[in-house]
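Below you'll find the structure, written out as structure tokens, and then a few comments.
Side-chain atoms are counted along with the backbone in the values below, which use heavy atoms only and exclude waters and symmetry mates. Atoms within a ligand are numbered from 1 in the order they appear, just like the ligands themselves.
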Amino acid sequence: MSKQYYTKILKADAQSIKLAGELIKNGELVGIPTETVYGLAGNALNSNSSDKIFLAKGRPSDNPLIVHITELNDIYGLVSDFPVLAQKCAEKFWPGPLTMILPKKDVIPSQTSGGLDTVGIRIPSDITARAIIKAAGVPVAAPSANLSGSPSPTEAVHVYDDLKGKIPLIIDGEHSVVGVESTVISFLENGIHVLRPGFISPEDLTEVTPNVTVDDGVIHMLAENAVVKSPGMKYRHYSPNADVIILDGDLTGFNRFICNNADENDYCMIFDDDILKSDNQYVTYGKDSTEQAIQLFSVLRKLDELKVKKVYARCPNRNGVGLAVYNRLLRAAGFQVIKV
Ligand code: AMP
Ligand code: MG
């Protein structure tokens, strides 16, 4: 049996940040805001803390944790190689929502790296996240603070809904400004490989090198025997209880499909300015990719609150951060896409 906690939610201020830092330093877990999504933060150098993270989330133990630091200098103690391309990315995109996979040093326990000899590292830009990491005085492992498989949390209350009783403290720092998890990249001989899309898009990365490739797993279902470069890609993710089906096409095609095929209890998930031509109930998730990224996970959670059984979603455009929105929605939908 794991320990039961009375879970406090405290507004981010000097006192609560200090408390969060102390708890993390002492091996406890804290739900913290970051610019991407809320993170479940523990001491990345303490294997017990990492064990606790996997247990609290119900996360498969081979799915590695991202390590968060606040100063570029801190990276040299954690990785055995920091190639020039990675240095350029750090210069351009840190602090910010970019995670780089690099060969790890032994100080990072294998629990944190999911048994891999590499580690994902990032410097967040969120002021509260940075203050908490500084207060902890250690690198902080922080996966998204949701139960494994459910939509990532973008508000403190989402963390509470998923992890109450399992952790002592959640710091409430308002709604995450990006709304989807960090872009995860690895480095090839002379290029960058995107393992998970995020706010920093493949187009953005071409400012560092023209050689940017996007992993097949980003928008395709991986074959069962495929070699997975980023373990998180093989797991069911971001899923509400509802059956999500993406309708890939324009609004006219969407409306035609709904009018001809949807049952009266089916929901629609549409863009803000869309006009639905049927009486079906609907939720909206923003008018452009940036708004869709911010709202996607809360809307997926809201569908559960509404006890929706089936939802047809408008397909986001796949440019810029839209690729990240599409990647998350595709997983929420279990890759069910119908061309309309
Ligand atoms: P989360 O912590 O929930 O944002 O998930 C972290 C993501 O980063 C997962 O998809 C992991 O597979 C990926 N990741 C973290 N560390 C590594 C690594 N060393 N190699 C490849 N992927 C990683
Ligand atoms: Mg996650």
Side-chain angles (χ1 to χ4, degrees), residues 29 31-42 44 49-50 52-54 56-69 75 78-82 86 97-106 108-122 124 126 129 139-154 158-159 162-163 176 178-188 192-200 214-218 222 226-239 293 296-297 300-301 324 327-328 330-332:
L29 307 184
I32 68 165
T34 84
E35 71 273 28
T36 56
V37 299
Y38 273 68
L40 179 58
S49 292
S50 292
K52 283 185 188 172
I53 291 177
F54 285 99
K57 281 179 59 80
R59 181 176 173 109
S61 61
D62 67 346
N63 190 1
L65 307 176
I66 291 171
V67 175
H68 296 69
I69 55 177
I75 201 171
L78 305 175
V79 305
S80 58
D81 186 26
F82 189 29
L98 180 72
T99 297
M100 301 197 226
I101 308 297
L102 295 164
K104 79 174 187 76
K105 280 192 172 163
D106 289 344
I108 309 254
S110 71
Q111 281 87 344
T112 302
S113 69
L116 299 175
D117 51 14
T118 52
V119 62
I121 304 213
R122 125 175 152 87
D126 182 87
V140 164
S144 51
N146 52 293
L147 287 175
S148 207
S150 67
S152 298
T154 48
H158 300 160
V159 183
D162 276 18
L163 299 177
S176 301
V178 171
V180 289
E181 304 85 347
S182 58
T183 307
V184 177
I185 59 171
S186 63
F187 297 94
L188 308 173
I192 294 174
H193 191 59
V194 178
L195 297 171
R196 177 175 74 180
F199 186 77
I200 294 173
V214 177
D215 201 85
D216 255 0
V218 164
L222 292 166
V227 180
V228 178
K229 295 188 204 74
S230 182
M233 295 202 304
K234 68 183 177 207
Y235 294 110
R236 183 172 166 272
H237 248 71
Y238 321 116
S239 286
L296 177 70
F297 289 134
L300 292 177
R301 280 177 182 263
N327 166 271
R328 307 311 190 270
L330 203 51
R331 277 158 177 78

OG1-CZ distance between T183 and R196, expressed to the nearest 0.5 angstrom | 8.0 Å
side-chain hydrogen bond (donor to acceptor under 3.5 Å, both in side chains) between T112 and S50: does it pass, once the steps are laid out?
-> CA-CA 6 Å; T112 302; S50 292; 2.7 Å; yes
Between G42 and I53, the two heavy atoms sitting closest are N-CD1, 4.0 Å
May I ask whether S113 places a heavy atom under 4.0 Å from ligand 1?
-> no
Touching ligand 1 at all, R59? Heavy atoms, strictly under 4.0 Å?
-> yes
Interfacing atoms of ligand 1 (cut-off 4.0 Å, heavy-atom, [X]):
X: L116; answer: 18 (C), 19 (N), 20 (N)
X: N63; answer: 9 (C), 11 (C), 12 (O)
X: P143; answer: 2 (O)

Report the part of T118 in contact with ligand 1, treating N, CA, C, O as backbone and CB onward as side chain, heavy atoms under 4.0 Å; options are side chain, backbone, both, neither.
-> both
N, O or S of S148 under 2.8 Å from the Mg ion (ligand 2) = no
So, does K104 use its side chain to make a donor-acceptor pair with the main chain of S110 at under 3.5 Å?
-> no
Please examine the side chains of R59 and L40, heavy atoms only from C-beta on, and report whether any two atoms are closer than 4.5 Å.
-> no
Result for side chain to side chain contact (heavy atoms under 4.5 Å, CB included) between M100 and one of I121, I185, I192 points to I185
Compare M100, R196, E181, R122 and give the one whose heavy atom is closest to atom 1 (P) of ligand 1.
-> R196
